[in-house]
There are 4 protein chains.
Amino acid sequence: MPKPNRGVGRPRNSDIDLAIVCTTRELLAERGYAGLTVDAVAARAGIGKAAIYRRYKTKQEMIFAATVHDLWEQPPPDGGTLRADLLALTRTIAAQLCGAPADVLAGLLADIYADKALGTRFAETFLESERKAVTAVLERAVTRGELASRPEASTVHALLLGPILAWVLILDGDRGEMPEFTRTVAEATAATLLLRPTS
Amino acid sequence: MPKPNRGVGRPRNSDIDLAIVCTTRELLAERGYAGLTVDAVAARAGIGKAAIYRRYKTKQEMIFAATVHDLWEQPPPDGGTLRADLLALTRTIAAQLCGAPADVLAGLLADIYADKALGTRFAETFLESERKAVTAVLERAVTRGELASRPEASTVHALLLGPILAWVLILDGDRGEMPEFTRTVAEATAATLLLRPTS
Amino acid sequence: MPKPNRGVGRPRNSDIDLAIVCTTRELLAERGYAGLTVDAVAARAGIGKAAIYRRYKTKQEMIFAATVHDLWEQPPPDGGTLRADLLALTRTIAAQLCGAPADVLAGLLADIYADKALGTRFAETFLESERKAVTAVLERAVTRGELASRPEASTVHALLLGPILAWVLILDGDRGEMPEFTRTVAEATAATLLLRPTS
Amino acid sequence: MPKPNRGVGRPRNSDIDLAIVCTTRELLAERGYAGLTVDAVAARAGIGKAAIYRRYKTKQEMIFAATVHDLWEQPPPDGGTLRADLLALTRTIAAQLCGAPADVLAGLLADIYADKALGTRFAETFLESERKAVTAVLERAVTRGELASRPEASTVHALLLGPILAWVLILDGDRGEMPEFTRTVAEATAATLLLRPTS
DNA sequence: CGATAAGCGAGACGGTACGTCTGGTCTTATC
DNA sequence: GATAAGACCAGACGTACCGTCTCGCTTATCG
């Protein structure tokens, strides 16, 4: 999230906003997360470093902004059944995670732990919104009578998010098989929830 | 894995091997992954930087060696049922992941993507041995007749590893609840496998 | 001679230019040539190492610049006689050589041989200007009729420079006696030239 | 001057003594003074570093020993006249200085200032013996009646040594012209001494 | 003869400096 | 006041070298 601009003086050139984001993505693709430097972004984009740091506090924020596309906040529309809702949810999660190469994901994750502020922002935006979606889906199932009581959202979240995370981040799984895998994950979670109430 | 030593000349001092590993862990705990420097390790351990770089090509290799404890290779003993085997397996995986703080895990993961050699080593040691254990457990279940056919090991691996990974790495879950959570993950996977053959 | 700066962007801070030179001289005086480190210069001057290496390619260039004060170019004014001219010239040379402690002189000399670029610069600035002065003095003497033909400049240069060099660099002679010694050198050379034409 | 050996235990291998000296000279010629490393000498000579440091306290002592051929101590034989004695003396000095490349001379000189012990040894051996020779020559001239009183030996030493030093060290003079130049230096000094009593 | 002492090649060790690089800030002149 | 260029501080990185030490071995003299 770029720093705000008080609306006084020369307005920011929005071409630059775009150039930063695009160049960052380019260079991430070319040189990988570890090989990305702010100087390189500035040079390639034909802008000054100050223009970057006026918008983002740190390099990590810049990458975060360039990578983590401002993500969906709404829980998926009611699909009628818990099974359908979980599948939709899992697909959204998978789409998020597949949006960036694995090295970027890993790098970002590391930076989130290195920089407390970034961690907080990540938790508040990304995590919180996902968690809300999970909660909403579960609550709908309770309302429908599919579940007796609402299971712990964190647990379900981990059951959905985790396998996909592992697939792209650790196991370097084929992303072509992702739709299929997504279905497996969703159904496994659904099966578990429907069979036995998970704490 | 440290660089080798041709058996000629003065042998490496194994006290130093140990000191590097211990000091690295100490400093990781004190200052976090991002705050670790090679100079600090050398200074604290009372050794020269050369002694470190004689053993490890890069800082990352050092951290890797200090962190990824040369890990279990054996699949869990036969527990009699798929359910029991999966629980044991999941517990082993969880123990591995809980061995290091989250920031170290994240940092290591990022470095694995940054350094190809490290990535290969990680895949060959850590991943391969885990995968073999998963395969063994599944094969036992087929032999027992619990499963009709052996499911894809990668998928099951992701279903087991993923939620735990997400729990410690993303959701910053309470590690005290890990035993309980581990059980949930194992049972969810068991349920899925026993209900429907996963691809 | 510092690296140039293309007039675009933030200009070099000339305070730093000065600080580097002064601090280098200070530390040379305090710790001697062999004890001088770039880190110490940076630390004492309160600047970053990069600011030094932006100006000088190597430590040696820095010392060179800090020590070999951009020196006089003009031959001494016409003193009326060869004897007088030689004395003036010798005094200038002696003043140059006494400007730095013996260890710095020796260190610099060694570095000049170690680094070809430095050697060239030394020859072109220091040596060439001194040689021109010697030539000019000798030519004046020929014009005056004191000498029948112009002697080889290199030889005369060696006769003037050498003894002083030996005095400060090898024999560790008392610098208090330098004025007297300078006179001796000048007169010895004058006597030789006036008696017999030196090749 | 190598460290002594108490005659007990295995005796030193004199092949190694020679190998060190020869290899040092070789490498000095190939890579220059600044490029010489002890490891390289040991490797090239096929010996261990310890064998070197058992003989010489420091790298500089090794180079010193390999370079400064154990030099003449005797003043030149009586040539009958001051002029002839000075020429002989100058030739000896020139021979000494021409024995090593200029960069080695410069490097050695710098090291002499860096290492007090080496400086003392240099002064006591090289310098002192030269000075004695100068004194002896001057005294002979007084005895012969060529000179009224014995001039200051240091001064004469500087007048003889200096120009040659400058020739090889600073002016990078052609060493082929050395014999001629030597004569010039000797005669200039003789002329000065015979004309006027130098301090 | 065996014990003792030292030499030897190889190379690890602690220490220290080098020169490079990057991140994030600041300073010009220009727009 | 935003911008491009680039200087600035801080400090980590990985390399190189020095002089010392340790290993397992060899080679001499002494008892």
Side-chain angles (χ1 to χ4, degrees), chain A residues 5-13 15-16 36-40 42-43 45-60 62, chain B residues 5-13 15-16 34-40 42-43 45-60, chain C residues 5-13 15-16 35-40 42-43 45-60, chain D residues 5-13 15-16 36-40 42-43 45-60:
Chain A
N5 178 3
R6 285 194 305 108
V8 190
R10 175 173 172 178
R12 292 221 184 119
N13 181 347
D15 290 357
I16 293 179
L36 185 80
T37 66
V38 177
D39 289 77
I47 61 175
K49 281 208 291 178
I52 294 176
Y53 282 104
R54 202 170 293 116
R55 289 170 172 77
Y56 307 103
K57 259 223 240 307
T58 66
K59 175 193 178 188
Q60 284 73 34
M62 178 189 74
Chain B
N5 175 8
R6 281 196 307 107
V8 191
R10 178 174 175 178
R12 299 248 172 96
N13 182 348
D15 289 359
I16 291 179
L36 183 79
T37 69
V38 176
D39 290 77
I47 62 175
K49 275 205 295 177
I52 294 178
Y53 282 105
R54 201 172 293 118
R55 290 168 170 76
Y56 308 104
K57 259 219 246 303
T58 63
K59 176 191 177 187
Q60 283 74 34
Chain C
N5 175 5
R6 280 198 309 109
V8 190
R10 178 175 174 178
R12 298 250 172 93
N13 182 348
D15 290 359
I16 291 179
L36 184 80
T37 69
V38 175
D39 288 77
I47 62 176
K49 278 206 292 178
I52 294 177
Y53 282 104
R54 199 172 294 119
R55 290 167 170 77
Y56 307 104
K57 258 218 246 304
T58 64
K59 177 192 176 187
Q60 284 73 34
Chain D
N5 176 7
R6 279 198 308 111
V8 189
R10 176 175 174 178
R12 295 234 177 107
N13 181 348
D15 289 358
I16 292 179
L36 184 81
T37 68
V38 175
D39 288 75
I47 61 175
K49 280 206 293 175
I52 293 177
Y53 282 103
R54 202 171 292 118
R55 290 167 171 77
Y56 308 103
K57 261 223 245 300
T58 65
K59 175 194 179 187
Q60 284 72 35

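First the proteins, then the strands, lettered A, B, ... as listed; each starts at 1.
- Taken from CG in D:Asp39 to CD1 in D:Ile52, the straight-line distance is 8.5 Å, to the nearest 0.5 Å.
- When each of C:Ile16 and B:Ala40 is assigned the nucleotide of DNA chain F with its nearest heavy atom, C:Ile16 is the one assigned upstream, toward the 5' end.
- The line from CZ of D:Arg55 to CZ of D:Arg12 is 5.5 Å long, rounded to the nearest 0.5 Å.
- Closest approach of C:Val38 and C:Tyr53 over heavy atoms only: CG2-OH, 3.5 Å.
- At E:dG19, none of the side-chain N or O atoms of C:Arg55 fall inside 4.0 Å of OP1 or OP2 (strictly under the cut-off).
- Contact annotation: C:Arg12 side-chain N/O to F:dG6 OP1/OP2 distance is not under 4.0 Å.
- Shortest non-hydrogen contact noted between D:Ala42 and D:Gly48 is CB-C, 4.1 Å.
- Whole-Å rounding puts the C:Ile47 CD1 to E:dG19 C1' distance at 15 Å.
- Put simply, CG on C:Asp15 is 13 Å from C1' on F:dA7, counting in whole angstrom units.
- Shown here are the salt bridge (charged side-chain N to carboxylate O under 4.0 Å, His left out) partners of B:Lys59, two or more places apart in sequence or in another chain: there are none.
- The CG atom of A:Leu36 sits 5.0 Å away from the CE atom of A:Met62 when rounded to the nearest 0.5 Å.
- Taking atom NZ on B:Lys59 and atom P on F:dA12, their separation rounds to 9 Å, with Å as the unit.
- Note on A:Leu36: only backbone sugar-phosphate atoms sit closer than 4.0 angstrom, heavy atoms only; bases stay farther off.
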Sub-3.5 Å pairs of nitrogen or oxygen atoms, protein against nucleotides 23-27 of chain F:
unit_1 : atom_1 : unit_2  : atom_2 : d
F:dT26 : O2     : D:Arg10 : NH1    : 2.8

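- For B:Val8, whose side chain is taken as the heavy atoms from C-beta onward, the closest listed nucleotide among F:dC9, E:dG11, F:dA4 is E:dG11.
- Projected onto DNA chain E by closest heavy-atom contact, B:Ala50 and C:Thr58 fall at different nucleotides, the more 5' of which corresponds to B:Ala50.
- If you measure from atom CG of D:Asn13 to atom C1' of F:dA28, you get 12 Å, rounded to the nearest angstrom.
- Atom CD1 in C:Ile52 sits roughly 14 Å away from atom C1' in E:dT20 (whole-Å rounding).
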Practice task
Give the dot-bracket string for DNA chain E, reading 5' to 3', where a pair is Watson-Crick or G-U wobble with both distances under 3.5 Å, ( ) marks pairs inside the strand, [ ] marks pairs crossing earlier ones, | marks a partner on another strand, and . marks unpaired.
Solution key: |||||||||||||||||||||||||||||||
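- Nearest approach of D:Ile16 to D:Ala51, heavy atoms of both residues: CG2-CB, 4.2 Å.
- As rounded to whole Å, 13 Å separates atom P of E:dC21 from atom CZ of C:Arg54.
- To the nearest angstrom, C1' of F:dG14 lies 12 Å from NZ of C:Lys49.
- Rounding to whole angstrom units, CG of residue D:Asp39 and P of E:dC13 are separated by 15 Å.
- At E:dG19, one or more side-chain N or O atoms of C:Tyr53 fall inside 4.0 Å of OP1 or OP2 (strictly under the cut-off).
- Taking every side-chain heavy atom of B:Val38 into account, F:dC13 is the closest of F:dG19, F:dC13, E:dC8.
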